Amino acid sequence: MVSFVIESILRVTNNVILYNIYILKIYHFRNMDPLTETYGLSFYLTYLVHWPEYFKIAESSDGRVMGYVMGKSEGYNEKWHGHVTALSVAPEFRRLGLAGKLMAGLEDVSEKKRAYFVDLFVRVSNDVAVALYKKLGYTVYRRVLEYYSGNSSPMFEQDEDAFDMRKSLSRDPERKSMIPLEKPVRPEDVD
Amino acid sequence: SDPRERRLKAIYDALDAGNNKKAIQEAEKVLRKEAGDSLCAKALRALALLRSGRLDEATAAASEVERVDTSEESVLQAMTYFYKESHRLDRIAAMYERAVQQQPKSEDLLTSLFMAHVRVLDHKKQQLTAAKLHRLAPSKNPYYFWSVMSVLMQATECGGELASKMLLPLAAKMAEAFRDRMNAEAEVQLYLMVLEMQERFEDCLATLDGPLSSLLSPQSTEMTRQQRMGYLEKLGRKQELADARWEDLTTEPNDWARWQSCIQSSINADISQGGDYVEADPRLSELQSRMDAIAAEHPGLSGPRLARLELMRRCPVSCRPETALSLMRSYFEAFASRPAVASDLLQFRSLLSETDENSSPAKLLELIRPGLPEWPKAAADADRQQLVRDLTARINYEQLSRGLLNKPMDAEQRNAKIAELIQAYRANLLDGLRPTEVQPADDLLLLAVSLHYDAWLVEDAKQSETHLLQALYLLDEGLSGSPSNYNIMLWMIRLFIALGAWTPASNLYERLDVKQILLESVGFVLSRQVARCGLLSQGLVMLNNTAMFYKNNWRDIVEHLCTAYRIGNFRKVPELSP
């Protein structure tokens, strides 16, 4: 019932390129969940060009977009890791285990790239997401103060802290990358 | 030179901060001190003038810079920004051509020139520039393959005999000459792209199986598997393709695209016997058994079971409506408490019969009805998860019912249904949800709203407003229970516009925070209504905003085209090009 689209096709309208299928799909998806940010076109294109292997979209059998995940890989030596930039599942398709499925796909790609761990940032108030990630094996590595700036959308007017959550992969069997820090950090300290 | 650096830095800082006025002032300070010798300050001043909207002055300032041939990096960079922002990408190339004449051995300048040609899609000049780079640095593979890619893009552009008889063979020869020196996955993919365009699919397969495959990375295995199947399909190797697809399915038995491919392949691969599958066909029953076996192996998965219906859809002569009904019934009964079950089934509604009562949509609903849970009621001690499951099952039933039955309701039936839905909605509102979460019962409200909307569409003008207003009252109630439910907001916009009420529609639109790509996918809900509501100046602001998004798009995309060349993601180049 779920299909992952990984090929991309071109769509041209009036000689102006609007997007390729990934962004087309996000457009169909409408990306209007209040906790999912809509970035500029450039942002999505950067991910598409640099890390297409991490860009996955889940479609229902009747062709609707159910959710998507975007990520990247970065860091050096033991800090070489996968990163979840965006994960979103449409409200009408929740409780299908889709988030877990999309995350598993991202972790699989990260394993193949021999990353040590996967990490992500999540608002401290987003307890639904935090619980989900904990269920998937992520723990809070550190707290980042004022990571999310206020005024980014009508729903969030104040600055907010983030949890940096991590899950070690097979290359880090002792789970060193998951050992939590004692004190919170500031966004500048995040490399 | 230190004070000079400091003064220039002041200009840069001002530009970065968006303070164009200050940038102009700082630039003019530099120009006064150095008697107009600083080309860099001139360029930065032109840029600041452009950003301030002083176009005539900006153009004049830019022409002063253009008069001097230079290869000074800071000037070239500043002017590049200028040309990008004034939508004169062609001038970047001209500028770098002149710079390269001054320093013909500079890899940096030639690379910038290459990128300048990329931005204006001048593939021929790309090829020439890449060739120069290759001559300068023959050990750097990327320059060579930029040449190959440029030839490929020329072939894509012109097509016909020129492509097939000259350009593509050239690109292939170039790639093959470098085969032993290939050291990156991107180069192998580029070679495959050339072969694909030449339709040499046997050679594509040979490449995937040959020594070059060692350059393909582990994270690309899924992509290459898909490519391989694509080649098999082009070569008409139907049985091999079918086998590959069925094998692929076993790793992801819930993947709908894989199911569709498998079913199609099985239908196509039966070339020896030919003909359509009719009901008594042993091949058909074999296929059905195969699918049932997978379903039995994975009882919790909906994909394999829905696939039986998909097979019927693709093989109409195999479809008996009674079987379809039976499959749909057991699908619903198995998965009713999961979301989207109604929409899963509704795509197969044509498999049921309109004439025979026993395999009609009404019959299906009749059979499902008894198995439904009672309308739940949210109570303080209720098991919330069970409540949501029961609610989902009932919602699925209501949605299925609405989608299957074509007959419009009479007013009494409709009012009764609306009352039932609203009562259930109000009885199942949950406490303690965050403002960003939606109430699970919202879909019941939306069904009631749809019924009011149906009524409005058919009834006469006097009755009409009542239904619209009723719908809006309900939606307003819904929105206070679920302030983030964008479906409610979209409905409200639609209905307010139907009433001709622009301001509340516009306020809700603001609340949706429509920006960037959403201007394309959602913006039309309001922008299309502008003329109808007669608010032309407000409409103009909105449409201008949207137009800017489209206008700036090309600029963004073109930069990523450059990135694709730079990091060697050649597959993306034709995808991002018009």
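Proteins get letters first, then strands, A, B, ... in listed order; numbering begins at 1 in each. Fair warning: this is a prediction, and the values are worked out from it, not measured in the lab.
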- Task: Could you verify whether a donor N or O on one side chain and an acceptor N or O on the other, from B:Glu185 and B:Gln219, lie under 3.5 Å apart?
- Result: no
- Query: Judged by atom type as modelled, is there a donor-acceptor pair below 3.5 Å linking the side chain of A:His81 to the main-chain atoms of A:Glu74?
  - Reply: yes
- The interface call for B:Thr221 against chain A, heavy-atom contacts under 4.5 Å, is side chain
- Task: Please answer whether the main-chain N or O of B:Gly403 pairs with a side-chain N or O of B:Arg349 as donor and acceptor at a distance below 3.5 Å.
- Result: yes
- Query: chain A heavy atoms under 4.5 Å from B:Arg434: which part of the residue, side chain, backbone, both or neither?
  - Reply: side chain
- Message: Whether B:Arg258 and B:Glu252 form a salt bridge (side-chain N of Lys/Arg under 4.0 Å from carboxylate O of Asp/Glu) is what I want to check.
- Response: no
- Say whether B:Ser484 and B:Thr436, considering side chains only, have a donor N or O and an acceptor N or O under 3.5 Å apart. no
- Please state whether the side chain, the backbone, both or neither of A:Thr46 comes within less than 4.5 Å of a heavy atom of chain B. both
- Message: If the condition is ring-ring contact (aromatic ring centres under 6.0 Å, His included), which residues does A:Tyr147 pass it with, not counting sequence neighbours?
- Response: A:Phe121
- Is a donor on one side and an acceptor on the other found under 3.5 Å between the side chain of A:Glu111 and the backbone of A:Ser170? yes
- Okay, B:Ser217 and chain A: the region with an atom under 4.5 Å from a heavy atom over there is neither
- Most contact-rich option vs chain B, by heavy-atom pairs under 4.5 angstrom, among A:Asp108, A:Asp62, A:Val109, is A:Asp62
- Query: Do any of residues 134-141 of chain A have a heavy atom less than 4.5 Å from a heavy atom of chain B, and if so, which, in residue order?
  - Reply: none
- Item | B:Arg571 and A:Glu53 ion-paired at < 4.0 Å | no
- Segment of A:Arg64 engaging chain B (4.5 angstrom heavy-atom cut-off): side chain
- Query: Going by an N to O cut-off under 4.0 Å, is there a salt bridge joining B:Glu559 and B:Arg119?
  - Reply: yes
- Message: Can you tell me which portion of B:Ser337 sits under 4.5 Å from chain A's heavy atoms? Options are side chain, backbone, both or neither.
- Response: backbone
